[in-house]
Amino acid sequence: MTENDETAEAEIEQIEGLEALKQALAQEKGTSEKYLANWQRAQADFDNYKKYAEQEKREAVEFANSMLILKLLTVIDDLERAFASLPAELTGFSWTEGVKLIYNKLKAILEAQGLAEIKAGGEAFDPHLHEAVMCREGEEGMVIEEIQKGYKLKNRVIRPSLVIVGKGEEEKKTEQGGQKEE
């Protein structure tokens, strides 16, 4: 072998080694791109999980608050019934005024948390806000009387109003034979 042949073989080996390195580099680039894509996907999954966990936490807190407020509404109802049945001779005493102040403070705290009364008396019956417990003569489809107040917590009904709904005016019957007047 001559020197030229040896040089040529060395160059060929170098070129083959270079081609092998290029192939190895391309293969490693593909692997690193795959790892990067997997890492980005894992990062996005983790971010979504954090958002989901935060949402679940918020919903659990809101549910617990609504359950507590729902239980406190029975206390408000009892206080309102007590004030409605308070004899006139007891209205001027300071202790009754003190109880009213406590009642007003409790209502203000609940309202600050997003509690709002549902208007019922004289309103059109809405099955999303009202629960009909009875029908009586009166303007059809209108709430005639509210039996128990309903409440919303942040625009979500937590207790519907118990109401009496008008079923329309019944035609009057004459005293003779039950015939209807026309």
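Within 6.0 Å of CD in Glu111 there are more than 12 heavy atoms belonging to other residues, nucleotides or ligands. In this structure, Asn155 places its CG atom where only 12 or fewer heavy-atom neighbours from other residues, nucleotides or ligands lie under 6.0 Å away. Other residues, nucleotides and ligands contribute only 12 or fewer heavy atoms inside 6.0 Å of the CD atom of Gln27.
Side chain to side chain, Glu19 and Gln23 fail the donor-acceptor criterion of an N or O pair below 3.5 Å.
In this structure, Tyr35 and Thr31 have side chains that are in contact, with non-hydrogen atoms separated by less than 4.5 Å. Contact annotation: the side chain of Leu101 never approaches that of Glu97 to less than 4.5 Å [non-hydrogen atoms, C-beta and beyond]. Taking 4.5 Å as the limit, every side-chain heavy atom of Lys105 sits out of range of all side-chain heavy atoms of Ile102. In this structure the side chain of Val133 reaches within 4.5 angstrom of the side chain of Ile147, judged on heavy atoms. A heavy-atom distance below 4.5 Å is found between the side chains of Phe83 and Val99.
The CZ atom of Phe46 sits 12.0 Å away from atom NZ of Lys51, with the distance rounded to the nearest 0.5 Å. Distance check, rounded to the nearest 0.5 Å: NZ of Lys50 to CD of Glu54 gives 9.0 Å. Note that NZ of Lys167 and CD of Glu137 are 6.5 Å apart. Values are rounded to the nearest 0.5 Å. Once rounded to the nearest 0.5 Å, the distance linking CD of Glu123 with CD of Glu146 reads 10.0 Å. Here the NZ atom belonging to Lys57 is positioned 15.0 Å from the OH atom belonging to Tyr52, to the nearest 0.5 angstrom. Distance check, rounded to the nearest 0.5 Å: NZ of Lys71 to OG of Ser66 gives 10.5 Å.
Minimum heavy-atom separation, Ala120 to Val163: CB-CG1, 3.9 Å. Here the closest heavy-atom approach between residue Phe125 and residue Val143 is recorded as CA-CG2, 4.1 Å. Taking both residues in full, the closest heavy atoms of Cys135 and Ile164 are given as C-CG2, 4.4 Å, listed atom of the first, atom of the second, then distance. Across all non-hydrogen atoms, the minimal contact from Met142 to Ala124 is SD-CA, 3.6 Å.
Hydrophobic clustering of Ile, Leu, Val, Met, Phe, Trp and Tyr side chains at less than 4.5 Å, counting indirect connections, keeps Leu162 apart from Leu79. Under a hydrophobic-cluster definition in which Ile, Leu, Val, Met, Phe, Trp and Tyr are linked whenever side-chain heavy atoms come within less than 4.5 Å, directly or via other members, Leu153 and Ile76 are assigned to the same cluster. Under a hydrophobic clustering in which Ile, Leu, Val, Met, Phe, Trp and Tyr are joined whenever their side-chain heavy atoms come within less than 4.5 Å, directly or via other members, Leu106 and Leu70 fall into the same cluster. Both Phe93 and Leu86 are assigned to one and the same hydrophobic cluster, defined by single-linkage of ILVMFWY side chains at heavy-atom distances under 4.5 Å. Linking Ile, Leu, Val, Met, Phe, Trp and Tyr whenever their side-chain heavy atoms come within less than 4.5 Å leaves Met67 and Leu73 in two separate clusters.
The backbone N or O of Leu90 sits less than 3.5 Å from a side-chain atom of Thr96, completing a donor-acceptor pair. The backbone N or O of Lys119 lies less than 3.5 Å from a partner atom in the side chain of His130, making a donor-acceptor pair.
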List the steps and the verdict of side-chain contact (heavy atoms from CB on, under 4.5 Å) for Lys152 and Leu115.
CA-CA 6 Å; Lys152 287 182 178 183; Leu115 186 72; over 6 Å; no

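With Ile118 as the fixed residue, the side-chain contact (heavy atoms from CB on, under 4.5 Å) test singles out one of Ile158, Leu129, Asp126: Leu129.
Using a cutoff of 4.0 Å between basic side-chain nitrogens and carboxylate oxygens, Lys107 and Glu117 are scored as salt-bridged. Glu62 has no carboxylate O lying under 4.0 Å from a charged side-chain N of Arg156, or vice versa, which leaves the two without a salt bridge. Asp77 and Arg159 are joined by a salt bridge, as a carboxylate oxygen and a charged side-chain nitrogen come within less than 4.0 angstrom of each other. Using a 4.0 Å cut-off between a side-chain N of Lys or Arg and a carboxylate O of Asp or Glu, Lys149 and Glu80 qualify as a salt bridge.
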